[in-house]
Amino acid sequence: MKTADLSGLPPGVTDYLQAEGIEELYPPQAEAVEAGVTDGENVVASVPTASGKTLIAELAMLSSIRRGGTALYIVPLRALASEKKAEFEAFEEYGVSVGVSTGNYESDGDWLATKDIVVATSEKVDSLVRNGATWIEDLSCVVADEVHLIDDAGRGPTLEVTLAKLRQLNPDLQTVALSATVGNAEDIAEWLDAELVDSTWRPIDLKKGVHYGNALHLDDGTQRELEVRGSEKQTAAVVRDTLEDGGSTLVFVNSRRNAEAAARRLADTVEPELTDEERDELASVAAEIRDVSDTETSEDLAAAVEGGAAFHHAGLASDHRALVEDAFRDRLLKVISATPTLAAGVNTPSRRVVVRDWRRYDGTAGGMQPLDVLEVHQMMGRAGRPGMDPYGEAVLVASSHDELDELFDRYVYADPEPVRSKLAAEPALRTHVLATVATGFARSRGELLDFLERTLYASQSAEPDRLERVTDDVLEYLERNEFVRRDGRGDDATVDATSLGHTVSRLYLDPMSAAEIVDGLRAVDGRPTALGLYHLVARTPDMYELYLRSGDREEYTELCYEREGELLGPTPSEFEEGRFEDWLSALKTARLLEDWAEEVDEDRVAERYGVGPGDIRGKVDTAEWLLNAAEQLANELDVGHEAAVREARKRVEYGVGDELLDLAGVRGVGRKRARRLYDAGVETRAELREADKGVVLGALRGRRKTAENVLENAGREDASMDGVEPVERAAADGEGSDADGGAEPTDDAEPDAGEADDAGQASLGDF
DNA sequence: ACACACTCAGTGCTTTCGGTTCGAT
DNA sequence: AAGCACTGAGTGTGT
């Protein structure tokens, strides 16, 4: 089918597509059109990565807009939301407006209602529904990207419930679901009353294979010599081979440590092959990486990048990730060794993909567990860049002949697992039952069960009673914690949310987190300390646990007894194995947050807790959100302590001691600048407006532009630094200048080491 | 001849991917 | 279970 034959799209769009070189639709796209995707029909498209799924979505949304409607595009990751927005903005010149809504980006508001296309994460959509955004009801088309994630126990139920709600709100809603190739796409299609487009067609060929010995065995039965020279590893041999062919490689491994070690080694393989020009450009990328953060992770990454290799995992700061992804797309970096983050994230195709590790440690299973076929296929699907490579090659690595056979059976020739709803589990239902009741979707037990009948779980369940049973357990739990009221028994029993329940639902808290916070705040004796509050939020299920390593157990047990008085609520007994363990790991997180709020340098925090800069940011972000929620709960319940909670939140947010809160609130002033201004005698925003310019300039290390911005942001009339000379004023020693009680010799010996260029980046609030 | 760098084998030991959500600026 | 980190012995290189 030709693009020229498409009808029902906004004027100019077909011309645009042709100008983009899209003359002919790919077969799955043509199938989707035949299935009525441009006529408002529901369609489920189960096709491989990079086979033109996005165009199917665009055709659906644009034709719907053409008929006067609006569209919502649901993605699983924030990074994907901005990527998709950028793609859809190509249609703005044809009068189609695009907006994004994620947790950290341009929140709700009426302006979203004015957009033709809104891109949002599934949680954000859920949250918008809970908060009663009315424009949601006027949607004419919804697209769910990566819909196979419904299989994910953690986040899948949100997507599932959200789709069910949108469809209930608006029975005429066109639903388009895009999925990777899965074992049971027909189940999803049936659930959504949709036509199914199920295809394995790819625009460029993907060859899958296994490397063993000195040969690459491919799924078409051929094999090729691929020699492992001397002491190099198989992965290095594949990378070298690809490089000789002018291509780049993506290597997937099973842990962050492995990713870093592999990048270090692969840099040695790649470095000799680089041109001088490439070395120069890589050196400047490395410099940018070092600018992002001072940590060892950052330094290791920069060092690898200088050799043309990089690692990629969630411990990296988001700026790190973007730099690495861009340099790889620009073909500057020849290899990335990554954890699975990269397979799910933004588009980074590569000539070759190596899946080095196919087992991953799983504590609950007590050892290494094989990866899902779907996951391995997702990684393999990154091989081959459309329009650039003749074909892609995805390679597993075997170290024995038996393993060679096993890998072929298990992954190369195997079909992916079916998608199974994980809705009927307490943690998932806890939050969604409360939300469903609080928003008035269901007013009785019967209505609740009716609504749940509309989910994928119900449509594929072999155990129909299970949902009902778990729902009753959850209602029981919610009632016990005063989130809902029930009247009567059986199907007619009315259920409605209490005021507290409404607040919890609106705040998007897991009810169990809310219960923990409420109990904790009620147990406070006196004024809660920052550590106590950090511990409180760190032990809720909404904060991911920091892993306890060897030696940590003793250290934090000791700390736990030392500061027991600060922790809110009763400390579990050491004999309650699991509970005590969780308590300690929350304490470790709380300690990290406390360090951050006491101005311990990022690199020291990273080292002390064995985390990367990205982890610190993540923890700080989550703590901010939960403390904000805690403040509102305190307010709602009238238990007091709002001021203490707010202060603790602001201190993690800015990463400063309480005496710096006022200064750090000025835009352009992060934790480091605030400290230097304070030490120079400028202690508040008001003083900043009146201060001697020379002193300000001196404290900001002679950076005129920075100083002018800061003064302007503080509300000073005459911010100009013309003719001002920096004045150095000795820091006031002692008192409060080192909030970190445990005197750190390195801090004093070289107070400014590594922060020569801290322009703006010292504050986490920036992004 | 010697210091130093590097490789390699062997041992022990640690290991455990990812991530959204508020509200205001 | 497996790869990494570490150790120490052995080898190679340059002065």
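Small disclaimer: the values here were computed from a predicted structure and weren't measured. Here is how names work: the chains are called A, B, and so on, in the same order as the sequence lines, proteins then strands, and each is numbered from 1.
Taking side-chain N and O atoms only, Arg265(A) has a distance below 4.0 Å to OP1 or OP2 of dC4(C). For dT21(B), one of the phosphate oxygens OP1 or OP2 lies less than 4.0 angstrom from a side-chain nitrogen or oxygen of Thr121(A). In this structure, Arg264(A) reaches the dA5(C) phosphate: one of its side-chain N or O atoms is under 4.0 Å from OP1 or OP2. Phosphate proximity of dT21(B) to Arg78(A): present, with a side-chain N or O under 4.0 Å from OP1 or OP2. At dT15(B), none of the side-chain N or O atoms of Arg257(A) fall inside 4.0 Å of OP1 or OP2 (strictly under the cut-off). Distances shorter than 4.0 Å separate none of the side-chain N or O atoms of Thr622(A) from OP1 or OP2 on dG19(B).
The side chain of Asn628(A) approaches dG23(B) more closely than any other nucleotide in the set dT21(B), dG23(B), dG18(B).
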Please report the C-alpha distance between Lys422(A) and Asp152(A) in whole Å, then the side-chain angles of each, then the deciding distance to 0.1 Å, and finally whether the salt bridge (charged side-chain N to carboxylate O under 4.0 Å, His left out) criterion is met. CA-CA 7 Å; Lys422(A) 303 291 191 290; Asp152(A) 182 280; over 6 Å; no
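The shortest distance between side-chain heavy atoms of Val419(A) and Leu149(A) does not fall below 4.5 Å.
One C1' atom belongs to dA2(C), the other to dG19(B), and the distance between them is 27 Å to the nearest Å.
If you measure from atom NZ of Lys124(A) to atom C1' of dG19(B), you get 16 Å, rounded to the nearest angstrom. Rounding to whole angstrom units, CZ of residue Arg506(A) and P of dG23(B) are separated by 6 Å. Nucleotide dA24(B) holds its P atom 13 Å from the CD atom of Glu653(A), rounded to whole Å. Here the P atom of nucleotide dG19(B) and the CD atom of Glu624(A) are 18 Å apart, to the nearest Å. Atom CD1 in Ile150(A) sits roughly 19 Å away from atom P in dG19(B) (whole-Å rounding). In this structure, Leu80(A) places its CG atom 15 Å from P of dG18(B), rounding to the nearest Å. Rounding to whole angstrom units, CG of residue Leu626(A) and C1' of dG23(B) are separated by 14 Å. Asp357(A) has its CG atom 12 Å from the C1' atom of dA1(C), to the nearest Å.
Between Arg256(A) and Asp542(A), the residue anchored nearer the 5' end of DNA chain B, judged by the nucleotide with its closest heavy atom, is Arg256(A). Mapping Leu507(A) and Met368(A) onto DNA chain B by nearest heavy atom places Met368(A) closer to the 5' end of the strand.
Base engagement by Asp152(A) is indicated by at least one non-hydrogen atom pair under 4.0 Å involving a base atom. The residue Asn258(A) sits close only to the backbone: its heavy atoms come under 4.0 Å of sugar-phosphate atoms, none of a base. Across all strands, Arg649(A) comes closer than 4.0 Å to no nucleic acid atom at all (heavy-atom distances). Lys233(A) comes within contact range of the sugar-phosphate backbone alone, with a heavy-atom separation under 4.0 Å but no base atom that close. Within 4.0 Å of Arg356(A), counting heavy atoms only, lie sugar-phosphate atoms of the nucleic acid but no base atom. Across all strands, Ala629(A) comes closer than 4.0 Å to no nucleic acid atom at all (heavy-atom distances).
Stacking between Tyr361(A) and the base of dT15(B) is absent under the criterion of ring centres within 5.5 Å and planes under 30 degrees.
Here Leu626(A) contributes atom CG and Tyr534(A) contributes atom OH; the two are 12.5 Å apart, rounded to the nearest 0.5 Å.
A side-chain donor from one of Tyr508(A) and Asp126(A) sits under 3.5 Å from a side-chain acceptor of the other. With no hydrogens or angles considered, no side-chain donor-acceptor pair links Tyr361(A) and Asn254(A) at under 3.5 Å.
Evaluated for a side chain to side chain contact (heavy atoms under 4.5 Å, CB included) with Val324(A), the options Leu342(A), Leu301(A), Asp319(A) yield exactly one hit, Leu301(A).
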